[in-house]
2 protein chains.
Amino acid sequence: MPAPTKPRRGAPESKTRIALVNAAMKLIVDEGYAAVTTRRVAAEAGVNPALVHYHFRTIDDLFLAVFRRGAEANLARMQAAVDGPQPLRGVWEVMSEPRDTGLTLEFLALANHRKAIRSELAAYSARFRELQEQALARVVQAHGVTLDKPSLPALTLLLSGLPRILAMDDAVGLHRSRGEVLALVEEYLERYDLPAVGDPSADDGDAEPGHQAD
Amino acid sequence: MPAPTKPRRGAPESKTRIALVNAAMKLIVDEGYAAVTTRRVAAEAGVNPALVHYHFRTIDDLFLAVFRRGAEANLARMQAAVDGPQPLRGVWEVMSEPRDTGLTLEFLALANHRKAIRSELAAYSARFRELQEQALARVVQAHGVTLDKPSLPALTLLLSGLPRILAMDDAVGLHRSRGEVLALVEEYLERYDLPAVGDPSADDGDAEPGHQAD
DNA sequence: GTCTATACTTCGATAGAC
DNA sequence: GTCTATCGAAGTATAGAC
């Protein structure tokens, strides 16, 4: 549905629009979603306040634009991790990105009360989780085993939960045993992930290292 | 510290004050923390708007009062779980309380940008985690084993993370393998928690069932 | 696409009568 | 403790000239 109710103004791709999305993202990260107001986002972007509502009909539309940009970037990084030489480590690194933690938290809170953002977040989360599952599937297959209990999706849930927990603990200043858990993760990555390039301790050699740089 | 900077007005215990805290909590859960405004919280509580700033110098003070009430209730429930007949199950149930999920999420977002709330949340989280560790310690001791790797605190982190992950997944509509994980949890509770009252499958009998009703 | 100007609403917080 | 009344600031969104 291209023009639902108010075809008053279209909004193509433009320099200003990008600047507004950037400004909004910065505000969310630095001060929380409540800081994203017409005037403040315009000031941060260095444009006239009226332009905000020219490019985005409502503030919620701006939120959606910010979310989509971050979501697409994350999905791309996750896809690269899945296809990379060390899927598990790649997934771990993507999910441990500290910058995303605050942003995710804000959108999670937003989604609780804004239908549009909620459904967008749900769709994104499902795709994100699916990619994680693919990464895990690739590693499991390389080891020549079959997961029964827990199943592959369940194990994915458990593993993908860990970085999020560490991130949330970090957000509230809980650092107890963080180091130990990180060391444990490192140990398991060494043991179960596909072997690093140049690592002689491979127990299976037919993985194709189609790595792409960043 | 009874009168820190602005001794303009004191605020004792009163019916109105409680009503305001209740109203604010309801607003946070239903519509997010941004819905807590002077006028709206007064309307929800059925009192005059000016009373909000009589009882709470700022809106942030009101947020803190709401948080403290919930935090103290949670700590009490967690303490009861620790002392109860089945510590692991008790902890699991306290942490899986669906009502708290939204509230926690809101305060987590708030804490990202409000110093006072951040430090309050940090202190609370540490105490909460400590109680979880005590529960786990009690069960581990009952089994007569010693945890070395992962250590007790690390295992606590891992275990206490699971219900939070499930809650967050639930918040974004991710229900994949939720049932399987829940069943897995149930299985482990049956196996490792202290035996339920009247359960003949005890492998150790010197636990004192000092349960307290709620 | 971008600007000025503005309509309308709601905000936090306070003063002062009762 | 509770009320009426209000200040000044900030919010969303739009109209219309350029």
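Order of the sequence lines fixes the chain letters, A, B, ..., with proteins taken first and strands second; residue numbering starts at 1 for each chain.
- For B:R40, the side chain to side chain contact (heavy atoms under 4.5 Å, CB included) test picks out B:L27, B:E31, B:A35, B:T37, with sequence neighbours left out.
- Side-chain N/O atoms of B:H55 include one lying less than 4.0 angstrom from OP1 or OP2 on D:dT2.
- Rounded to whole Å, the distance from NE2 on A:H53 to C1' on C:dA7 is 14 Å.
- Residue pairs meeting the ring pair (Phe, Tyr, Trp, His ring centres under 6.0 Å) criterion with at least one member in residues 19-45 of chain B, sequence neighbours excluded: A:Y33-B:Y33.
- Sorted by first and then second residue, the salt bridge (Lys or Arg N to Asp or Glu O under 4.0 Å) pairs involving residues 90-101 of chain A (not counting sequence neighbours) are A:R77-A:E97, A:R77-A:D100.
- No salt bridge links A:D169 with A:R178; every basic N to acidic carboxylate O contact stays at or beyond 4.0 Å.
- Under the rule for a side chain to side chain donor-acceptor pair (under 3.5 Å), the partners of B:K149 that lie at least two apart in sequence or sit in another chain are A:E187.
- The side chain to side chain donor-acceptor pair (under 3.5 Å) search around B:R69 returns B:N22, not counting sequence neighbours.
- The nearest whole Å value for the distance from the CZ atom in B:R17 to the C1' atom in D:dT2 is 16 Å.
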Look for any protein N or O under 3.5 Å of an N or O in nucleotides 3-5 of chain C and output each such pair with its distance, or none.
residue: C:dC3; atom: OP2; partner: A:N48; partner atom: N; Å: 3.4
residue: C:dT4; atom: OP2; partner: A:N48; partner atom: ND2; Å: 2.7

Please write out the pairs of protein N or O atoms and N or O atoms of nucleotides 8-11 of chain C separated by less than 3.5 Å, giving the distance to one decimal.
residue: C:dC11; atom: OP1; partner: B:T37; partner atom: OG1; Å: 2.8
residue: C:dC11; atom: N4; partner: B:R39; partner atom: NH2; Å: 3.2

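- B:R68 is linked by a side chain to side chain donor-acceptor pair (under 3.5 Å) to B:E120, counting only residues two or more places apart in sequence or in another chain.
- Relative to the side chain of B:T58, the nucleotides C:dA13, D:dA13, D:dG1 differ in distance, and C:dA13 lies closest.
- Regarding A:Y54, its OH atom lies at a distance of 14 Å from the C1' atom of D:dG16, rounded to whole Å.
- B:R57 places its CZ atom 17 Å from the C1' atom of C:dA15, with the value rounded to the nearest Å.
- Pairs of residues two or more places apart, or lying in two chains, that qualify as ring pair (Phe, Tyr, Trp, His ring centres under 6.0 Å) and include a residue from residues 89-133 of chain A are A:F67-A:F107, A:F67-A:Y124, A:Y124-A:F128.
- The nearest whole Å value for the distance from the CZ atom in B:R114 to the P atom in C:dG12 is 10 Å.
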